Amino acid sequence: MADGFLIFMSLKNKHILLGITGGIAAYKCAHLVRLFLKEGAHVKIVMTKSAEDFVTAKTLSVLSKNEVVSDFFDKDDNWNNHVALAEWADSVVIAPLTANTLGKFAHGLCDNIVTACYLSARNKVFVAPAMDLDMYQHPTTKHNLDCLRKNGNIIIPAENGELASGLSGEGRMAEPETIIEYVKHFFINDLPLSGRKVLVNAGPTYEAIDPVRFVGNRSSGKMGVALADEFAKAGAQVTLILGPSHQRPTEKSVTMIAIESADEMLTQCLSIFDGIDIAILSAAVADYRPKDVATSKIKKSDESLILELVKTTDILATLGKKKKKQLLAGFALETDHVIEYAKEKIAKKNLDFIVANSASEAGSGFAVDTNRITIIDKHNKLYNFELKNKQEVAKDIVHFTLNYLKTHD
Ligand code: CTP
């Protein structure tokens with residue numbers, strides 16, 4: 001197994017033609033260009049003359065590392081081929097889209113380089129309208145946007161907020177981060193786990209003693225949240241069932257369900273497991289919970305307090321019994337005999353593989369940012385990995401899962 005990891009980015013090497021028209025939101029395009037590049041895309045820019053009043057071509061050219069085109073002819077009178085530009089693009093993004101250019105798009109007018117590229121575009125076109133609130137609500141604007149929608153363009157709706165006019169309402173161009181999400185979502189079908197549904201559970205569980213106290217553990221949830229993010233980046237539709245943790249997924253497509261106890265975690269896992277393709281259970285589920293939960297706060301009276309604990313249901317083993325087509329994997333955190341105990345859990349819980357780590361090794365286990373894992377598959381084959389930060393470990397696990405699917409699907 002290669003120790004390196006793949007980076008999944010739905011915009012990697014995609015060609016984005018950004019068309020900028022003359023609205024104040026044009027200044028946000030500098031940030032938008034940077035975000036596209038960060039996602040691995042290549043960006044070329046066309047802009048109208050009036051857009052140049054709001055953001056300079058020089059700024060955009062430096063950021064995009066490409067010459068910016070704002071006319072049919074360049075300064076030496078050479079023709080700027082709008083057809084070639086549109087053909088180069090895997091996607092055309094018009095941001096901001098003013099009411100004026102929207103009207104032109106809707107009616108096929110073609111009097112500048114942006115409208116010419118729009119009419120020449122063969123691939124998906126995204127538009128991010130930006131105008132004052134009354135203009136955005138005008139029936140003509142709505143009609144024109146409907147026209148674009150019917151032509152197959154994707155409208156990235158304007159947002160609510162303060163407008164350049166001083167008024168407040170709907171009309172602000174969507175934030176660059178939102179525009180990126182729309183375009184990423186469109187290209188996500190090209191990723192290796194597109195169409196696959198993934199369940200990840202993570203974090204500790206809290207088992208109530210009374211309304212204010214609980215039995216819990218020191219799991220931070222970092223490893224599982226990183227896993228949810230990395231599976232989402234690989235195109236999967238991820239549901240993260242998360243115990244009490246401050247960690248949050250950064251990928252917007254991850255559906256997060258917050259729970260407290262092992263029982264709640266079990267109920268949520270069972271409710272979706274049948275429709276799941278891949279389940280990775282990384283949660284540090286409490287093995288025991290108080291037998292009786294006091295309905296009011298237990299008062300301090302005697303010198304000692306005896307709590308009777310009963311076993312919680314083993315979620316992973318329960319899913320292992322129900323498993324049909326699913327790939328099912330778990331984690332094993334051990335202090336000693338790491339590999340031996342982890343191997344026993346594969347058979348006992350009917351797993352495809354287990355991710356083993358040691359709680360007594362420096363840099364591994366709970367509440368640290370790093371982990372050193374060994375993956376053991378159901379044929380007892382061992383795959384060792386270096387000590388890495390948890391995000392990179394998550395990438396390794398996603399990479400391993402992809403290889404496993406290739407050989408076992
Ligand atoms: N697990 C679970 N439900 C439980 C306990 C554990 O789903 N009630 C899962 C964990 O999410 C993990 C795997 O089982 O993926 C192994 O957990 P671990 O705590 O290492 O082992 P246990 O099975 O609890 O056994 P032991 O604590 O005795 O090592």
Side-chain angles (χ1 to χ4, degrees), residues 7 9-70 82 85-86 88-102 105 112-118 121 123-132 136 145 148 153-164 170-188 190 233 250-253:
I7 299 173
M9 295 197 286
S10 57
L11 294 182
K12 194 165 169 59
N13 290 328
K14 290 285 183 277
H15 291 178
I16 306 293
L17 180 64
L18 176 62
I20 307 175
T21 71
I24 178 66
Y27 82 92
K28 292 187 180 174
C29 287
H31 183 45
L32 182 60
V33 171
R34 294 204 58 184
L35 292 179
F36 272 126
L37 294 189
K38 231 170 116 186
E39 293 290 334
H42 302 284
V43 179
K44 288 189 180 178
I45 297 167
V46 290
M47 66 198 294
T48 61
K49 292 278 177 216
S50 54
E52 289 182 325
D53 292 336
F54 299 99
V55 60
T56 72
K58 209 174 261 176
T59 306
L60 296 166
S61 160
V62 171
L63 289 173
S64 66
K65 301 181 183 75
N66 277 311
E67 209 168 307
V68 173
V69 178
S70 59
H82 58 270
L85 275 169
W88 171 86
D90 293 310
S91 165
V92 175
V93 178
I94 310 290
L97 173 67
T98 57
N100 184 36
T101 303
L102 169 63
F105 283 178
N112 62 40
I113 191 80
V114 174
T115 48
C117 284
Y118 174 78
N123 288 324
K124 202 45 126 186
V125 177
F126 296 80
V127 301
M131 58 197 79
D132 215 71
Y136 194 55
L145 283 173
L148 264 58
N153 300 165
I154 294 180
I155 318 292
I156 306 173
E159 291 172 0
N160 233 299
E162 213 175 292
L163 299 160
E170 217 170 26
R172 277 164 67 109
M173 185 179 84
E175 290 302 325
E177 286 77 4
T178 309
I179 296 174
I180 293 281
E181 281 305 313
Y182 268 84
V183 184
K184 266 170 80 176
H185 186 75
F186 176 73
F187 284 114
I188 218 146
D190 293 350
K233 283 183 196 162
T250 52
E251 289 299 301
K252 286 197 178 139
S253 68

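Keep in mind that what you see is a predicted model, and the values were worked out from it rather than measured. Starting from 1, each residue takes its place in the sequence as its number.
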Does the pair Glu39 and Val183 meet the rule for a side chain to side chain contact (heavy atoms under 4.5 Å, CB included), with working shown?
CA-CA 11 Å; Glu39 293 290 334; Val183 184; over 6 Å; no

Chi angles and distances behind the side chain to side chain contact (heavy atoms under 4.5 Å, CB included) call for Leu148, Leu102
CA-CA 8 Å; Leu148 264 58; Leu102 169 63; 3.7 Å; yes

Show, in sequence, the C-alpha distance, side-chain angles and deciding distance for Ser50 and Asp53, and conclude whether the side-chain hydrogen bond (donor to acceptor under 3.5 Å, both in side chains) test is met.
CA-CA 5 Å; Ser50 54; Asp53 292 336; 5.8 Å; no

For side chain to side chain contact (heavy atoms under 4.5 Å, CB included), just list the numbers for Cys117 and Leu17, CA-CA rounded to whole Å, side-chain angles, deciding distance to a tenth of an Å, and then say yes or no.
CA-CA 9 Å; Cys117 284; Leu17 180 64; 4.0 Å; yes

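Taking CD from Glu181 and CD from Glu175, the interatomic distance works out to 13.0 Å, rounded to the nearest 0.5 Å. Once rounded to the nearest 0.5 Å, the distance linking CD1 of Ile94 with CD1 of Ile154 reads 13.5 Å. Between the NZ atom in Lys28 and the CZ atom in Arg172 there is a gap of 4.5 Å [rounded to 0.5 Å]. The OG1 atom of Thr178 lies 9.5 Å from the CE atom of Met173; values are rounded to the nearest 0.5 Å. Rounding to the nearest 0.5 Å places CD1 of Ile188 at 7.0 Å from NE2 of His185. Between the CG atom in Asp90 and the CG atom in Asn13 there is a gap of 9.5 Å [rounded to 0.5 Å].
Pairs engaging residues 15-50 under the ring pair (Phe, Tyr, Trp, His ring centres under 6.0 Å) rule: His15-His42, His15-Trp88 [sequence neighbours left out].
The neighbour count for Glu177 CD, taken as heavy atoms of other residues, nucleotides or ligands under 6.0 Å away, is above 12. Remark: Glu159 CD is packed, more than 12 non-hydrogen atoms of other residues, nucleotides or ligands lying under 6.0 Å away.
Contact record, Gly22 with Thr48: N-OG1, 3.5 Å, taken as the closest heavy-atom pair. A pairwise comparison of heavy atoms in Ala95 and Leu32 identifies CB-CD2, 4.2 Å as the closest pair. Here the closest non-hydrogen pair linking Ser70 and Ile113 is C-CG2, 3.8 Å. The minimum heavy-atom distance between Ser10 and Phe187, with the atom names listed, is O-CB, 3.5 Å. Closest non-hydrogen pair, Thr21 versus Pro96, comes out as OG1-O, 2.5 Å. Taking all atoms of both residues into account, the shortest heavy-atom contact from Ile45 to Ile20 is CG2-CD1, 3.8 Å.
Classified by interplanar angle (parallel below 30°, tilted 30° to 60°, perpendicular above 60°), the ring pair Phe105/Tyr118 is parallel.
A heavy-atom distance below 4.5 Å is found between the side chains of Val43 and Leu37.
Residues passing the ring pair (Phe, Tyr, Trp, His ring centres under 6.0 Å) test with Tyr136: none are found, sequence neighbours excluded. Residues passing the side-chain contact (heavy atoms from CB on, under 4.5 Å) test with Lys38, sequence neighbours excluded: none.
At least one donor-acceptor pair closer than 3.5 Å links the side chain of Ser64 to the backbone N or O of Leu60. Judged by distance alone, with hydrogens and angles left aside, the side-chain atoms of Asn123 form a donor-acceptor pair with the main-chain N or O of Ala89 at under 3.5 Å.
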